[in-house]
Amino acid sequence: MEYTILKLSQMAGVSTRTLRHYDSIGLLKPLRTNSSGYRIYGQKEIALLQQILFYRELGFGLDEIRSIVLSPGFDNLTALQEHRKKLKQERERLDILISTVDKTIDSVTGRKTMTDRDKFEGFKKDLVAANEEKYGKEIREKYGDETIEKSNQQMLKLTKEEYDRLEELSRLIHKTLKEAYETKDPSGEKAQETAHLHREWLTLSWGHYNKEAHKGLGDMYVADDRFKAYYDKEQDGLAEFLRDAIHVYTADLKDE
């Protein structure tokens, strides 16, 4: 079947303005334009729109979606299988949080008691699941399944105090990194303070410290676009500066 832009808009739940925008940026071209000047969409365009909406729901930007779906090697079935995997992971993540909320409600209403550890268990599991979903493939390829599984277990064993310290370290790293960047000196005192805080964060996250792993993680912050975007979201250049600071820091350490 073929659909006019209005019919497709109504069926897919997106506005005609959105479809026209997708056309203008080369993301979703209509099959043809009829004699009246209306855009007409066929089955291939329907399948492509579905993929676009899936990726949009998963948080991808339009430029990123376009580079994926219009690449020569794009496969519709493989993409659908990946969508299913990611959606299942998201469902598991939400189930963990729902379970924690339910237990908390039972505790507040007096039906059941809840330990302090239980109150934070869901957040730790959520953090592990979110990291696996976003970065799991890359870090497993770099460090191996055994290392990452141990890291995940370490995260789940954290006490409330350790978990709070991990959160505090994340804030401190971002704060000192921005301050250090102003000096433009990755070997300076503030930059090395940042690298040391990052070492503490890594040790608490992984349960051990290894300077080569620390250095390798700094390299990944620049090599992987998602890590780079995480640090550069407030200011361009922060990821590279952190990598350089870590390189200086680890160069001065004995093998560990």
Side-chain angles (χ1 to χ4, degrees), residues 59 61 63-64 67 120 123-256:
D63 288 340
E64 193 174 5
S67 68
F120 292 92
F123 294 107
K124 291 186 292 184
K125 289 180 179 179
D126 179 47
L127 183 60
V128 169
N131 284 339
E132 277 286 348
E133 179 182 350
K134 194 168 186 179
Y135 306 116
K137 180 180 178 181
E138 289 75 13
I139 60 177
R140 285 178 180 274
E141 287 177 353
K142 186 172 182 64
Y143 297 108
D145 289 339
E146 183 179 353
T147 298
I148 302 308
E149 288 299 332
K150 286 182 178 179
S151 174
N152 288 344
Q153 290 304 312
Q154 167 68 15
M155 177 67 67
L156 294 175
K157 290 190 300 183
L158 292 179
T159 64
K160 178 183 181 299
E161 291 73 21
E162 289 170 332
Y163 181 81
D164 288 344
R165 177 57 179 167
L166 197 68
E167 293 285 286
E168 182 185 11
L169 284 168
S170 294
R171 292 191 294 269
L172 286 173
I173 289 168
H174 281 279
K175 177 178 179 293
T176 58
L177 177 59
K178 287 190 291 184
E179 293 172 354
Y181 185 76
E182 295 299 318
T183 71
K184 306 300 180 184
D185 181 10
S187 63
E189 182 179 349
K190 183 61 69 171
Q192 291 307 291
E193 178 187 350
T194 305
H196 185 75
L197 288 168
H198 193 270
R199 171 183 177 166
E200 186 181 347
W201 174 86
L202 182 60
T203 304
L204 194 54
S205 298
W206 286 20
H208 67 280
Y209 179 76
N210 177 279
K211 76 172 189 177
E212 291 303 322
H214 192 187
K215 182 180 177 182
L217 196 58
D219 291 336
M220 187 180 289
Y221 288 162
V222 176
D224 189 288
D225 288 340
R226 288 166 301 170
F227 283 107
K228 191 172 188 297
Y230 174 75
Y231 283 101
D232 283 356
K233 62 185 176 184
E234 295 184 18
Q235 185 171 349
D236 288 341
L238 290 180
E240 291 185 3
F241 188 85
L242 177 58
R243 176 203 59 191
D244 293 345
I246 291 172
H247 278 211
V248 173
Y249 182 84
T250 55
D252 291 337
L253 294 176
K254 294 179 180 180
D255 291 334
E256 297 186 37

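Heavy atoms only: backbone and side chains are in, while hydrogens, waters and symmetry mates are out.
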Trace of the side-chain contact (heavy atoms from CB on, under 4.5 Å) decision for Lys184 with Tyr181: CA-CA 5 Å; Lys184 306 300 180 184; Tyr181 185 76; 3.1 Å; yes
Intermediate values then yes/no, side-chain contact (heavy atoms from CB on, under 4.5 Å), Phe227 and Leu242: CA-CA 12 Å; Phe227 283 107; Leu242 177 58; over 6 Å; no
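Between Asp224 atom CG and Asp219 atom CG the span is 12.0 Å, to the nearest 0.5 Å. For the atom pair CG of Asp185 and CZ of Phe241, the computed distance is 6.5 Å after rounding to the nearest 0.5 Å. With rounding to the nearest 0.5 angstrom, the NE2 atom of His214 is 10.5 Å from the CG atom of Asn210. Summarising the geometry, atom CG belonging to Leu238 is positioned 11.0 Å from atom NZ belonging to Lys233; distances are rounded to the nearest 0.5 Å. Atom-to-atom distance recorded for Asp232:CG and Tyr221:OH is 12.5 Å, nearest 0.5 angstrom. Atoms CZ and CG, from Arg199 and Leu169 in turn, are 13.0 Å apart once rounded to the nearest 0.5 Å.
The neighbour count for Glu182 CD, taken as heavy atoms of other residues, nucleotides or ligands under 6.0 Å away, is above 12.
The two residues Ala239 and Val222 come nearest to each other via the heavy atoms O-CG2, 3.7 Å. Shown here for Ala195 and Ala245, the closest heavy-atom pair between the two residues is CB-O, 3.9 Å.
Arg165 and Glu168 are joined by a salt bridge, as a carboxylate oxygen and a charged side-chain nitrogen come within less than 4.0 angstrom of each other.
Formation of a donor-acceptor pair under 3.5 Å by the Lys215 side chain with backbone atoms of Thr250 is not found in this model.
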In residues 172-179, what donor-acceptor pairs under 3.5 Å come from side-chain atoms, sequence neighbours left out?
from: His174; atom 1: NE2; to: Tyr230; atom 2: OH; distance (Å): 3.1
from: Lys175; atom 1: NZ; to: Glu179; atom 2: OE2; distance (Å): 2.9
from: Thr176; atom 1: OG1; to: Leu172; atom 2: O; distance (Å): 2.9
from: Thr176; atom 1: OG1; to: Ile173; atom 2: O; distance (Å): 3.4
from: Thr176; atom 1: OG1; to: Thr194; atom 2: OG1; distance (Å): 3.0
from: Lys178; atom 1: NZ; to: Glu234; atom 2: OE1; distance (Å): 2.8
from: Glu179; atom 1: OE1; to: Lys190; atom 2: NZ; distance (Å): 3.2

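With sequence neighbours left out, the ring pair (Phe, Tyr, Trp, His ring centres under 6.0 Å) criterion links His196 to Tyr249.
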